[in-house]
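A short write-up of the structure that comes next.
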Amino acid sequence: MAVIDGSTSKTSYRHSLLRTNGRYAMQLTARYINRMPKATTCEQFLTGVTAYIRKHYRKSMLQRLAEHPEERLTCSAVIFSRVSREVWLVGDCQCLIGGEYYDNPKPYEAELAAMRAEEAKRQMAEGKTQDELLRNDTARSVIIPRMLETMHQQNVAYSVIDGFHIPREHVRIVTLDFRPWQLVLASDGYPFLCPTLAESESRLRQQRENDPLNIGEFQATKGFHPDQNSFDDRSYIRLSV
């Protein structure tokens with residue numbers, strides 16, 4: 001069982017004319033997981049999914065992609081292996097295991113979110129309205145160069161699935177004993193992960209009502225666009241094991 005979250009593109013380069021790089025990475029990773037043997041270990045998964053993504057790059061692009069990680073097919077995933085009785089967190093994703101919260105955030109995400117929050121507050125102090133910022137997030141635009149900079153730490157200081165070597169030390173593994181467990185696997189589109197989908201959606205709605213720019217107690221690198229019901233795409237799975 002897995003939740004796979006494609007990364008938001010930061011450049012205009014596309015590996016496919018029909019989909020974004022994040023969506024393409026998500027689809028390839030899902031295909032690989034569907035086909036891999038049930039006894040696959042975490043280490044085997046990291047090696048296998050990397051090779052599978054990598055073979056979808058043109059060979060002529062590999063050197064450029066090594067130097068420009070922002071152009072890679074990139075996603076994160078939280079995976080439950082029934083045979084290993086392990087949860088693997090590769091990249092920026094989250095889960096509840098018996099009600100206890102686990103995540104694996106990018107080390108620079110909080111810093112970037114704080115930078116955007118300060119910039120949004122500065123722009124509003126100068127007269128820009130909240131609605132203007134929600135429709136055209138010029139505060140986010142200010143941090144994009146720094147976001148691209150931090151992406152050079154992709155699979156160096158933090159893990160993602162992108163067709164390049166995934167350092168095992170940046171993958172979080174939680175081992176379950178043989179008691180019954182309730183698991184929730186989710187993407188980072190839920191700012192407050194709760195034991196039920198209804199509760200998680202309710203907290204998301206409250207966040208949108210109280211702080212749609214995401215610059216208060218909860219800070220993010222983007223806000224809620226008025227035409228969308230969230231600031232990020234989201235997936236949520238609850239299961240008993």
Side-chain angles (χ1 to χ4, degrees), residues 3-11 20-23 25-26 69-70 74-78 89-96 101-125 128-154 157-162 170 172 184-194 197 199-236:
V3 164
I4 309 162
D5 185 13
S7 297
T8 304
S9 296
K10 311 297 187 302
T11 72
T20 64
N21 291 345
R23 183 169 182 78
M26 175 275 293
E70 69 274 11
T74 302
C75 66
S76 299
V78 52
L89 294 96
V90 189
D92 198 359
C93 43
Q94 55 183 340
C95 65
L96 293 174
Y101 180 75
Y102 296 84
D103 65 354
N104 193 26
K106 298 174 189 171
Y108 310 102
E109 194 80 1
E111 174 193 335
L112 290 166
M115 286 173 59
R116 175 182 164 272
E118 287 306 308
E119 178 61 22
K121 291 170 185 175
R122 186 192 68 78
Q123 292 186 21
M124 287 194 290
K128 191 160 272 192
T129 67
Q130 176 176 276
D131 190 59
E132 285 174 324
L133 276 174
L134 288 171
R135 291 196 172 276
N136 179 22
D137 195 342
T138 48
R140 177 178 169 84
S141 301
V142 168
I143 68 167
I144 288 291
R146 175 70 178 136
M147 292 177 82
L148 294 174
E149 226 176 88
T150 62
M151 289 180 75
H152 284 273
Q153 295 301 304
Q154 192 164 299
Y158 63 92
S159 64
V160 290
I161 297 167
D162 67 356
H170 297 309
R172 190 167 189 180
V184 172
L185 313 180
S187 66
D188 64 346
Y190 286 103
F192 309 103
L193 190 60
C194 302
L197 177 61
E199 290 174 274
S200 299
E201 288 284 331
S202 175
R203 293 294 302 277
L204 184 67
R205 285 193 298 273
Q206 290 171 25
Q207 178 65 24
R208 186 185 185 191
E209 291 164 6
N210 298 331
D211 178 24
L213 281 171
N214 293 330
I215 60 173
E217 184 179 347
F218 169 74
Q219 296 182 345
T221 56
K222 48 193 167 184
F224 291 77
H225 191 280
D227 298 334
Q228 298 172 347
N229 66 1
S230 187
F231 66 97
D232 201 357
D233 52 318
R234 60 203 191 276
S235 293
Y236 181 110

Open item on the list: What verdict does the side-chain contact (heavy atoms from CB on, under 4.5 Å) test give for R116 and V142, after you've listed the backbone C-alpha separation in whole Å, the side-chain angles of each residue and the deciding distance to 0.1 Å?
Closed with: CA-CA 7 Å; R116 175 182 164 272; V142 168; over 6 Å; no
Open item on the list: Working note: E111 + R146, criterion side-chain contact (heavy atoms from CB on, under 4.5 Å); need CA distance, chi angles, decisive distance, verdict.
Closed with: CA-CA 10 Å; E111 174 193 335; R146 175 70 178 136; 3.3 Å; yes
- [ ] Assess whether side-chain contact (heavy atoms from CB on, under 4.5 Å) is satisfied between N214 and Q219, documenting all intermediate values.
- [x] CA-CA 5 Å; N214 293 330; Q219 296 182 345; 5.9 Å; no
Open item on the list: Assess the residue pair N229 and R234 against the criterion (side-chain contact (heavy atoms from CB on, under 4.5 Å)); give the C-alpha distance rounded to whole Å, side-chain angles, the decisive distance to 0.1 Å, and a yes or no.
Closed with: CA-CA 11 Å; N229 66 1; R234 60 203 191 276; 3.4 Å; yes
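Of the listed residues (D233, I161, D92), just one forms a side chain to side chain contact (heavy atoms under 4.5 Å, CB included) with D5, and that residue is D233.
Between S7 and N21, the closest side-chain pair of non-hydrogen atoms is not below 4.5 Å. Contact of the L133 side chain with the T129 side chain is not registered, since no non-hydrogen atoms from C-beta on lie closer than 4.5 Å. Within the 4.5 Å cutoff, the side chain of D137 has no heavy atoms near those of the L213 side chain. Taking the side chain as every heavy atom from C-beta outward, D162 and Q154 approach each other to under 4.5 Å. Residues K106 and T150 form no side-chain contact, since every pair of their non-hydrogen atoms from C-beta on lies 4.5 Å or further apart. Between M151 and Y158, the closest side-chain pair of non-hydrogen atoms falls below 4.5 Å.
Looking at S159, its side chain does come within 3.5 Å of a backbone N or O of H170 through a donor-acceptor pair.
Ion pairing of D232 with K222 is present here, as a side-chain N (NZ or NE/NH1/NH2) and a carboxylate O approach within less than 4.0 Å.
Here L96 contributes atom CG and L193 contributes atom CG; the two are 4.0 Å apart, rounded to the nearest 0.5 Å. To the nearest 0.5 Å, atom CZ of residue F224 and atom CG of residue L204 are 4.5 Å apart. From R172, atom CZ reaches atom SG of C95 across 7.5 Å, with rounding to the nearest 0.5 Å. To the nearest 0.5 Å, the span separating SG on C194 from CD on E201 amounts to 10.5 Å. Atom-to-atom distance recorded for K10:NZ and E70:CD is 10.0 Å, nearest 0.5 angstrom. Interatomic distance, OG1 of T8 versus CZ of R23, reported as 13.0 Å (0.5 Å rounding).
In this structure, Y102 has no ring-ring contact (aromatic ring centres under 6.0 Å, His included) partners at least two apart in sequence or on a different chain. Taking R140 as the reference, nothing meets the salt bridge (Lys or Arg N to Asp or Glu O under 4.0 Å) condition, with sequence neighbours excluded. Applying the salt bridge (Lys or Arg N to Asp or Glu O under 4.0 Å) test to E119 and every residue at least two apart in sequence or in another chain returns R122. For R135, the salt bridge (Lys or Arg N to Asp or Glu O under 4.0 Å) partners two or more places apart in sequence, or in a different chain, are D131, D227. For Y236, the ring-ring contact (aromatic ring centres under 6.0 Å, His included) partners are Y190, not counting sequence neighbours.
Evaluation of the salt bridge (charged side-chain N to carboxylate O under 4.0 Å, His left out) test over residues 210-221, restricted to residues two or more places apart or in two chains, returns none.
Ring centers of F192 and Y101: at least 6.0 Å apart, outside the cut-off.
Pairing each heavy atom of P107 with each of A157, the nearest pair is CG-O, 4.1 Å. The minimum heavy-atom distance between G223 and F231, with the atom names listed, is O-CB, 3.2 Å. In this structure, G6 and C75 approach most closely via the heavy-atom pair CA-CB, 3.8 Å. Of all non-hydrogen atoms in A186 and C93, the two that sit nearest each other are O-CB, 3.9 Å.
Counting only N and O atoms by type, the side chains of Q94 and D188 include no donor and acceptor under 3.5 Å apart.
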